[in-house]
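Inspection log for the structure reproduced underneath, given as structure tokens.
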Amino acid sequence: MIQHTSHNQDLIKLLEEQLGKDVDARIIREVAEHMEECPDCRVFVDSVKQTIKLYRVTEKETSIPDNVSERLFKVLNLNR
Amino acid sequence: MAEENKIEKQLIEKAKNGDKTAISELVHRYSSRIYSLALRIMRNEEDAEDVLQETFIIMIRKIHTFSGRSSFYTWLYRVAANVALGKLRQKKHIDSKVSIYESEFETLRGSGLHNWPDQLDSRINDKQFRECLKQAMVDLPENHRAVFVLRDLENLSTRETADILNISEANVKVRLMRARLFLRDQLMHHLKCMEGIR
């Protein structure tokens with residue numbers, strides 16, 4: 001019986017995203033199980049997940065600066 | 001949400017008929033998101049502003065062609081992404097149909113994995129580390145960067161990303177994985193240089 005830890009669930013989500021939800025769920029679970037037990041695979045997945053997280057933290061959404069917005073409305077000939 | 005959709009639909013209909021107040025409202029609603037997207041793809045403020053202006057010029061000219069099959073923001077994102085990628089191609093003469101770095105991507109998997117540090121979050125305020133993150137994004141091929149930005153930073157689905165970039169979902173998945181690996185490898189390389197990790 002597979003224990004769905006939160007780590008395991010994260011892995012399944014990542015695999016589903018990558019492989020597509022149309023792939024047999026059993027295959028996804030088996031790959032996830034292997035990856036949980038394989039240190040190399042685990043570090044691999046963790047490193048990719050951490051890379052994404054780092055970019056999400058450092059590349060936060062930028063609000064449009066006021067002067068940029070002002071020029072935009074001017075170019076479009078619109079009132080702000 | 002339903003009420004909000006109804007208001008937006010009315011705004012779009014008015015904008016299609018040239019109502020300047022409605023057009024202004026749409027520009028207000030989406031200019032920050034489009035600017036942010038443009039900045040993430042273009043990597044500099046001047047080019048991002050060009051993309052922003054061009055996107056809304058096209059929106060005003062072409063809004064009558066918006067059929068409502070996709071959401072309005074997906075339609076607008078598609079315009080912005082195409083403008084941004086077009087500008088990058090003009091700059092670098094990139095052939096969008098050729099997947100460059102193919103051979104380099106092949107060698108990325110698994111390199112130095114056992115040395116991946118546990119706690120990278122603590123380096124987030126390190127100036128050099130942040131520069132490395134930025135540079136890796138600049139070095140990432142544009143077509144892959146666009147996919148990474150839309151999927152991992154803008155949180156769009158594979159379907160929406162494929163729709164916006166006019167590529168297949170399978171292609172989105174391939175480019176996304178390659179982009180993630182490329183960025184991961186660049187960080188690894190940087191960390192090796194910084195700390196002599198072998």
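For the numbers below, each heavy atom of this structure counts, side chains included, while hydrogens, waters and symmetry mates do not. Chain identifiers are assigned alphabetically (A, B, ...) following the order of the sequence lines, protein sequences preceding nucleic acid strands; residue numbering begins at 1 within each chain.
Both the backbone and the side chain of B:Leu133 come within less than 4.5 Å of a heavy atom in chain A. Heavy atoms of A:Val48 lying under 4.5 Å from chain B belong to its backbone as well as its side chain. Proximity to chain B (any heavy atom under 4.5 Å) is restricted, for A:Lys60, to the backbone atoms N, CA, C and O. Both the backbone and the side chain of B:Leu52 come within less than 4.5 Å of a heavy atom in chain A. Contacts of A:Thr58 with chain B are made by both backbone and side-chain atoms, with heavy-atom separations under 4.5 Å. Of the two parts of A:Asn77, the backbone and the side chain both hold a non-hydrogen atom closer than 4.5 Å to a non-hydrogen atom of chain B. With a 4.5 Å cut-off on non-hydrogen atoms, B:Leu39 touches chain A through its side chain but not through its backbone. Only the side chain of A:Val57 comes within contact range of chain B, with heavy atoms under 4.5 Å apart.
Electrostatic pairing of B:Asp163 and B:Arg78 counts as a salt bridge here, judged by a charged N lying under 4.0 Å from a carboxylate O. Taking a cutoff of 4.0 Å between a charged side-chain nitrogen and a carboxylate oxygen, A:Lys74 and A:Glu70 do not qualify as a salt bridge. Looking at B:Arg29 and B:Glu8, a side-chain N of the basic residue comes within less than 4.0 Å of a carboxylate O on the acidic one, giving a salt bridge.
Side-chain contact between B:Arg43 and B:Arg145: present, with at least one pair of heavy atoms (C-beta onward) separated by less than 4.5 Å. Counting heavy atoms from C-beta outward, A:Asp46 and A:Gln50 have side chains that stay 4.5 Å or more apart.
One finds the CG atom of B:Leu150 at 10.0 Å from the CZ atom of B:Arg40 (value rounded to the nearest 0.5 Å).
Between chain A and the options B:Lys134, B:Arg130, B:Glu154, the largest number of non-hydrogen pairs under 4.5 Å is found for B:Arg130. Between chain A and the residues B:Ile124, B:Thr158, B:Thr21, the most heavy-atom pairs under 4.5 angstrom are made by B:Ile124. Contact tally against chain A (heavy-atom pairs below 4.5 Å) for B:Val27, B:Val149, B:Leu187: the top residue is B:Val27.
The aromatic ring centres of B:Phe56 and B:Tyr30 sit 6.0 Å or more apart.
Applying the 6.0 Å contact sphere to CD of B:Glu45 captures no more than 12 heavy atoms from other residues, nucleotides or ligands.
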